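By convention in this document, chain letters (A, B, ...) are assigned in the order of the sequence lines, proteins followed by strands, and residues within each chain are numbered from 1. Source: prediction; values computed, not measured.
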2 protein chains.
Amino acid sequence: MHPLRAYIHRFVPLTEDEWAPLAAGLRMHQLGRKQEFVTQGQAAPELALVLAGACRLYYTRPDGEERTTYFFFENHLMGSYQSCLTGQPSQFSIQALVPTELVTFPYALLRRLFDEYPVYERFGRLLAEYHLLGTDARLTELLLLSPEQRYHALLRSHKTKILERIPQQYVASYLGVTPVSLSRIRARLLSNDAGPM
Amino acid sequence: MHPLRAYIHRFVPLTEDEWAPLAAGLRMHQLGRKQEFVTQGQAAPELALVLAGACRLYYTRPDGEERTTYFFFENHLMGSYQSCLTGQPSQFSIQALVPTELVTFPYALLRRLFDEYPVYERFGRLLAEYHLLGTDARLTELLLLSPEQRYHALLRSHKTKILERIPQQYVASYLGVTPVSLSRIRARLLSNDAGPM
DNA sequence: CGGATTTCTTAGCGTTTGTTAACGAATTGC
DNA sequence: GCAATTCGTTAACAAACGCTAAGAAATCCG
């Protein structure tokens, strides 16, 4: 089964007839390291399923500093929800951290499928609900836990890919702290674990 | 037009026939000050539209401390998305800050309408997307701005109801700082505005 | 209206974080 | 493979925050 069809299948089943129009709009796309799929300030009317590789979502602040807030790996659907829905320029960029392979399609195509096939409308609802639950959990964690507790929570979570494959400075940003601070948090941990005696 | 129908109408139009089954499932509900609509640890299978009053959404931590993360006012739809979608106990409580009037209905009814009327399915998608954009913006603000900057952003925003009608300790929690800290931030502001000469 | 509760502010102290800078290690890319 | 870049850690200092406590102000409610 096509990876995108498999992705959708986790939410709703698609018949051949339902899958065909989406399949017809797909395009393969490769990104080199540091190449961008979405660029801050530009409209981003395409969605992409990551086939292989890893990307980061980041904001460039007025002072030029970058803040990374999310990561995408294999079988993650990525894009600027905000830009696709509103048509406005994207407020963030998405950049490949390593050479990355994508299947892309225009959001406009998905919107047309929402109108034509009830099963896609349902997929759209379930997808938005799924992301809403994830974003809510993340928001709650930021409001409820300290930076150190957030790092512990990440260690205990199943998001091991983030810790294994992402440079620590970006993980720090994801946790809402500076790289220096995360380094200190880790140092505190080690001196406690392998502490006196 | 019924307030709930007007709420839905901001997303999709409803015919009389489509509105009728939802209208049949509605119940009026009053909350006294500090009374809870959703209780942490219990299933919360109902949604509610606030007709008048104000509520806060808060988490009670293991140590007994409360953290308020959201507010609801007139014409806000509230409930535990997570509990409704998963059937699990709610991870937070929702409590009236002042005497509050609600119209409530079971989420199960909405789920049935998703199946029976495409217009409700679309409403469900648009509603989830709308909330996702809001939650994403909030998450971004927490990751990009300092506590002081977040307070400034709230001052400049159109969420004036929060500042006008919510006790400051809860606003502090919403911003991700302690009440003492918010008080200091405000004091710093005043001494800068009306500073030396 | 008036006592009781809740809320906001201020202060002092300890801890954590942010910032800048420097150094060594690891990775990248030609 | 080697030069160049990126990355992680540590240090030192200043600033901000969390915590506790106490008093003043505002609000609630009988």
Side-chain angles (χ1 to χ4, degrees), chain A residues 30-35 53-54 56 58 61 63-68 71 95-100 142-152 154-155 162-194, chain B residues 31-35 53-54 56 58 61-68 71 95-100 142-152 154-155 162-194:
Chain A
Q30 274 102 37
L31 294 176
R33 184 177 138 82
K34 300 208 174 182
Q35 196 179 341
R56 72 180 177 112
Y58 66 99
R61 303 197 306 180
D63 63 5
E65 289 291 305
E66 294 179 356
R67 292 295 162 87
T68 299
F71 305 108
Q95 180 194 61
L97 290 166
V98 295
T100 295
L142 277 172
L143 285 170
L144 260 54
L145 303 183
S146 69
E148 180 162 348
Q149 288 173 320
R150 296 202 289 272
Y151 177 66
H152 282 82
L154 182 60
L155 282 178
I162 290 180
L163 291 164
E164 288 165 8
R165 294 169 53 180
I166 301 293
Q168 191 171 305
Q169 57 171 321
Y170 298 138
V171 177
S173 198
Y174 174 84
L175 292 171
V177 296
T178 61
V180 177
S181 195
L182 178 55
S183 197
R184 279 187 295 223
I185 288 170
R186 286 163 51 87
R188 281 203 298 271
L189 259 190
L190 290 176
S191 69
N192 287 346
D193 281 1
Chain B
L31 294 176
R33 186 176 136 84
K34 299 209 173 181
Q35 196 178 340
R56 71 182 178 112
Y58 66 99
R61 303 197 306 182
D63 62 6
E65 288 291 304
E66 294 178 356
R67 293 293 162 90
T68 298
F71 304 107
Q95 179 193 63
L97 290 167
V98 295
T100 295
L142 277 172
L143 286 170
L144 259 53
L145 303 183
S146 68
E148 180 161 347
Q149 289 173 319
R150 295 201 290 274
Y151 177 66
H152 281 81
L154 182 60
L155 282 177
I162 290 180
L163 290 165
E164 287 165 8
R165 294 168 53 179
I166 302 293
Q168 192 171 304
Q169 58 172 318
Y170 298 138
V171 177
S173 199
Y174 173 84
L175 291 171
V177 297
T178 61
V180 177
S181 195
L182 178 55
S183 197
R184 277 186 297 222
I185 288 171
R186 285 162 50 87
R188 279 204 298 272
L189 259 190
L190 290 177
S191 70
N192 288 346
D193 281 2

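Note: CG (Leu145(A)) to C1' (dT16(C)) measures 16 Å, nearest angstrom. Summarising the geometry, the separation between CD on Glu164(B) and C1' on dT27(D) is reported as 18 Å, rounded to the nearest angstrom. Going from atom CD1 of Ile185(A) over to atom C1' of dT9(D) covers 14 Å, rounded to whole Å. To the nearest angstrom, P of dA16(D) lies 14 Å from CZ of Arg150(B). Atom pair Leu142(A):CG and dC17(D):C1' shows a separation of 16 Å (rounding to whole Å applied). Rounded to whole Å, the distance from CZ on Arg165(B) to P on dC28(D) is 13 Å. In this structure, CD of Glu148(B) is placed 15 Å from C1' of dT17(C), rounded to the nearest angstrom. If you measure from atom OH of Tyr151(A) to atom C1' of dT17(C), you get 17 Å, rounded to the nearest angstrom.
One distance of note links OG of Ser181(B) with CZ of Arg186(B); it measures 12.5 Å at 0.5 Å rounding. The structure places CZ of Arg67(B) at 9.5 Å from CG of Leu145(A), a figure rounded to the nearest 0.5 Å. From Gln95(B), atom CD reaches atom CG of Leu97(B) across 6.5 Å, with rounding to the nearest 0.5 Å.
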Between Tyr174(A) and Arg56(A), does the side-chain hydrogen bond (donor to acceptor under 3.5 Å, both in side chains) criterion hold? Intermediate values first, please. CA-CA 10 Å; Tyr174(A) 174 84; Arg56(A) 72 180 177 112; over 6 Å; no

Audit row: Leu175(B), Ile185(B), side-chain contact (heavy atoms from CB on, under 4.5 Å) steps and yes/no: CA-CA 12 Å; Leu175(B) 291 171; Ile185(B) 288 171; over 6 Å; no

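The heavy-atom pair separating Val177(B) from Arg150(B) by the smallest distance is CG1-NH2, 4.4 Å.
Side-chain atoms of Thr100(A) come within 3.5 Å of backbone atoms of Val98(A) as a donor-acceptor pair (strictly under, hydrogens ignored). A donor-acceptor contact shorter than 3.5 Å is absent between the side chain of Thr68(B) and the backbone of Tyr58(B).
Taking only side-chain nitrogens and oxygens, Thr178(A) comes nearer than 4.0 Å to OP1 or OP2 of dG18(C).
Within the 4.5 Å cutoff, the side chain of Tyr151(B) has heavy atoms near those of the Leu163(B) side chain.
Within the helix from dC1(C)-dG30(D) to dC30(C)-dG1(D), the inter-axis angle between the opening and closing five-pair segments is 70°, rounded to 10°.
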Short N/O separations, protein against nucleotides 7-13 of chain C, under 3.5 angstrom:
residue: dT7(C); atom: OP1; partner: Gln169(B); partner atom: NE2; Å: 3.2
residue: dT7(C); atom: OP2; partner: Gln169(B); partner atom: NE2; Å: 2.7
residue: dT7(C); atom: O5'; partner: Gln169(B); partner atom: NE2; Å: 3.0
residue: dC8(C); atom: OP1; partner: Gln168(B); partner atom: N; Å: 2.5
residue: dC8(C); atom: OP2; partner: Gln168(B); partner atom: N; Å: 3.3
residue: dC8(C); atom: OP2; partner: Gln169(B); partner atom: N; Å: 3.0
residue: dT9(C); atom: OP1; partner: Arg186(B); partner atom: NH2; Å: 3.2
residue: dT9(C); atom: OP2; partner: Gln168(B); partner atom: OE1; Å: 3.3
residue: dT9(C); atom: OP2; partner: Gln168(B); partner atom: NE2; Å: 2.5
residue: dT9(C); atom: OP2; partner: Ser183(B); partner atom: OG; Å: 3.0
residue: dT9(C); atom: O5'; partner: Ser183(B); partner atom: OG; Å: 3.1
residue: dG12(C); atom: O6; partner: Arg184(B); partner atom: NH1; Å: 3.4

